[in-house]
Amino acid sequence: MNFDWLFFPSSLPGEPRAPRDISPAARSSRRFGARAAIGAKFGRARALAAALVFAAAFWGAAWGGDAAQGQEPRALGIDSSRWPEVQIEVAWPEEGDVASMYSLRLEGSAAPLAPTAFAAAPGRGAGPFFTLFAVDTSRSLNPATLLAIKDSLRYYAAEADFDAELALVSFNDSVQLLTSFTSDRERFVKSIDGLALNGKITELYKSMLFALELLKNFSGFKLLVVFSDGKDEGTEVSALATLKLASDRGIEIAAIGLETNNPADASYRAVLEKFAVETGGLYRLANNGEDVKIAVFDILKAQKEKIAQGRSYSMTFTVDPAFAVAASPVAATLTRAASGDAKSVAVAIVVPPAILAKRGDGASPESGEGVAPDSFAGFWEPILNEPLYLTLFVLAAVLLLCLPLFFFVRKRKGAGSKPGAGKPSAKPGGGLSPFVLNFIDLGLKESLRLGVLTLGANPQNDVRVDVMTVSGRHAELKVTSTECRIKDLNSTNGTKVNGAALRSSQVLKDGDALLFGTAKAVFTVKK
């Protein structure tokens, strides 16, 4: 690979240094809506996984596991139902393979077999590959960082030697399509010059939705690469809706989180990381221009690896009918030899029971003697004769039997009102006021205490609203026995009262409709 672009200092080795992982504190700051519900699902999944682990442990101990497969090449599937023909699909990251490179040697056979049929497997590693870059060009971006992004995109275009269609979008106050999908590298590189700092706010999610709409019309591998600090200002779109759309359409998101001088912005970059993790893409934190370039190199490298891993070949071997099969499966070795380098992988070929030849003791399949047991009674024999197997089996059975009861109890327990619904604010203060905030969509009803209360996503608030578009400290409520006055605390997505943006403090009236980001609430007064 060509490194003439010299993104890295001369003191660095040829391979870029390992990317920085986001800090645990930043990880803990991720705030996606309905997190409690997702956590509950994961809890049930862990319980089920535990039971399956015990079952798998028993099964593996009783019957033995396959030997670890080599990575180059590796067998993706083996079909021996048409014995003596055996069809094997093998993954290999090099193009241009031919039948003469491969051979199959069965254990006990005198000579290896050559493929009688050979072809590239359909549907694996097929292009083209559609990659769309979305670049934050708001004025909050460092000009040096933008230059690094431009250099990185030019490098990507020069090094993406696979069948790639590239497109470029910039976003600030609005979203601009600089070039639609094209395989013309010169056209794409010219569009990079259109990246320029402008605007005062960042419409991140709006740009991502725009990009997802562009990508949905294509079939094949689709990737959205986002350069941003993770902030979204003025977009009436939630992060969860954006993530769900990408997941539903099978679009991978790679994100480069641009570092800012504000430590509080780590929570925004955590959202970008969530996008990448949930869609199978890469996330990299970039503190400077050098980090940006290394991140793009990592993304391109990952692209090429996925393309290589997706390439596979299907081949058929015909076994000599005279070959004596003593038992199934038959151990075999698949070898790929090219340019003096040979790599092999062990495979196990399951032979249909009717084909099994006579064993060494003279017994035949027709007599039913000496043949590996395939009846249900044969299944229990190793379990009953081995205390370890029996113990593992009993544990797995108990867990599987208890799971329905566990889910039933959890369901009955959660059938009542949601935690916190109808309860006063968590933090102690004065007595209760007659005022109530009812978040109908969230199933949350907050009876407000007297005093000065804060509302936001952070747990330290008096009224906590765990929604992505709600800021850590979003709004302030001054509550007395006769009135409740609300004030926005310079939140990212703002506060609205009856559809109007809240510019200064305002006294709330019974029935007022409130909007904190996208979290809806109704203000009511107890009679």
Side-chain angles (χ1 to χ4, degrees), residues 23-40 230-233 236 238-240 262-271 274 417-481 483-497 501-508 512-526:
S23 67
R27 291 181 186 277
S28 65
S29 65
R30 302 174 195 162
R31 297 181 285 105
F32 274 74
R35 184 167 50 195
I38 294 173
K231 284 187 179 180
D232 179 87
E233 302 160 303
E236 294 288 337
S238 71
L240 277 177
N262 186 355
D265 290 345
S267 61
Y268 299 113
R269 290 189 296 276
V271 176
K274 180 74 172 179
S417 60
K418 295 188 177 183
K423 296 182 180 180
S425 300
K427 289 190 177 181
L432 282 176
S433 74
F435 307 122
V436 177
L437 278 182
N438 189 357
F439 293 84
I440 300 174
D441 293 345
L442 302 178
L444 175 66
K445 184 183 290 185
E446 287 283 350
S447 298
L448 304 179
R449 291 185 179 275
L450 300 175
V452 179
L453 311 177
T454 58
L455 179 149
N458 287 342
Q460 294 80 8
N461 289 287
D462 301 287
V463 180
R464 188 187 182 194
V465 183
D466 193 10
V467 174
M468 185 56 220
T469 56
V470 176
S471 297
R473 281 171 52 86
H474 196 105
E476 178 183 270
L477 300 165
K478 291 185 178 181
V479 184
T480 68
S481 58
E483 70 174 25
C484 177
R485 182 176 291 274
I486 188 171
K487 180 175 72 172
D488 187 79
L489 297 178
N490 295 321
S491 62
T492 299
N493 295 309
T495 302
K496 293 182 179 180
V497 179
L502 185 63
R503 303 300 181 188
S504 60
S505 64
Q506 178 178 330
V507 176
L508 296 177
D512 279 348
L514 305 176
L515 194 63
F516 304 95
T518 58
K520 300 176 182 178
V522 177
F523 178 80
T524 57
V525 182
K526 294 180 182 178

request  = Examine distances only and state if a side-chain atom of N438 and a backbone atom of K445 form a donor-acceptor pair shorter than 3.5 Å.
outcome  = no
inquiry  = Below 30° counts as parallel, above 60° as perpendicular, anything between as tilted: where do the rings of F516 and F439 land?
reply    = tilted
message = Show, in sequence, the C-alpha distance, side-chain angles and deciding distance for R449 and V479, and conclude whether the side-chain contact (heavy atoms from CB on, under 4.5 Å) test is met.
response = CA-CA 7 Å; R449 291 185 179 275; V479 184; over 6 Å; no
inquiry  = Let me confirm one number: the OG-NZ distance from S504 to K487, rounded to the nearest 0.5 Å.
reply    = 10.0 Å
ask   = Say you draw a straight line from OG1 of T495 to CG of L515; how long is it, rounded to the nearest 0.5 Å?
value = 8.5 Å
task = In sequence, state the C-alpha distance, the side-chain angles, and the governing distance for L448 and V463, and then conclude on side-chain contact (heavy atoms from CB on, under 4.5 Å).
result = CA-CA 8 Å; L448 304 179; V463 180; 4.0 Å; yes
task = Quick one: pull up CG in L450 and CZ in F435 and give me the separation to the nearest 0.5 Å.
result = 8.5 Å
message = Testing the basics here: between S505 and R485, what is the closest heavy-atom pair and its distance to 0.1 Å?
response = OG-NH1, 3.5 Å
Closest non-hydrogen atom pair between N458 and R473, with its separation = ND2-N, 4.5 Å
Intermediate values then yes/no, side-chain contact (heavy atoms from CB on, under 4.5 Å), T492 and K231 = CA-CA 8 Å; T492 299; K231 284 187 179 180; 5.8 Å; no
message = Does any part of the side chain of F523, heavy atoms only, come nearer than 4.5 Å to the side chain of L437, both counted from C-beta?
response = yes
task = Check the pair S447 / K526 against side-chain contact (heavy atoms from CB on, under 4.5 Å), numbers first and verdict last.
result = CA-CA 10 Å; S447 298; K526 294 180 182 178; 3.6 Å; yes
ask   = For the residue pair M468 and A239, what are the closest heavy atoms and their distance?
value = CG-CB, 3.5 Å
request  = Could you check N461, L489, D488 and say which one makes a side-chain contact (heavy atoms from CB on, under 4.5 Å) with H474?
outcome  = D488
query = Does the side chain of L455 reach to within under 4.5 Å of the side chain of I486, using non-hydrogen atoms?
reply = no
query = Does the side chain of T518 come within less than 4.5 Å of N493's, by heavy atoms?
reply = no
request  = Provide the closest heavy-atom pair for E483 versus V507 in the form atom of the first, atom of the second, distance.
outcome  = OE1-CG2, 3.8 Å
message = How long is the straight-line distance from CG of L453 back to OG of S433, given to the nearest 0.5 Å?
response = 8.0 Å
ask   = CG/L508 to CG/L477 distance, rounded to the nearest 0.5 angstrom?
value = 7.0 Å
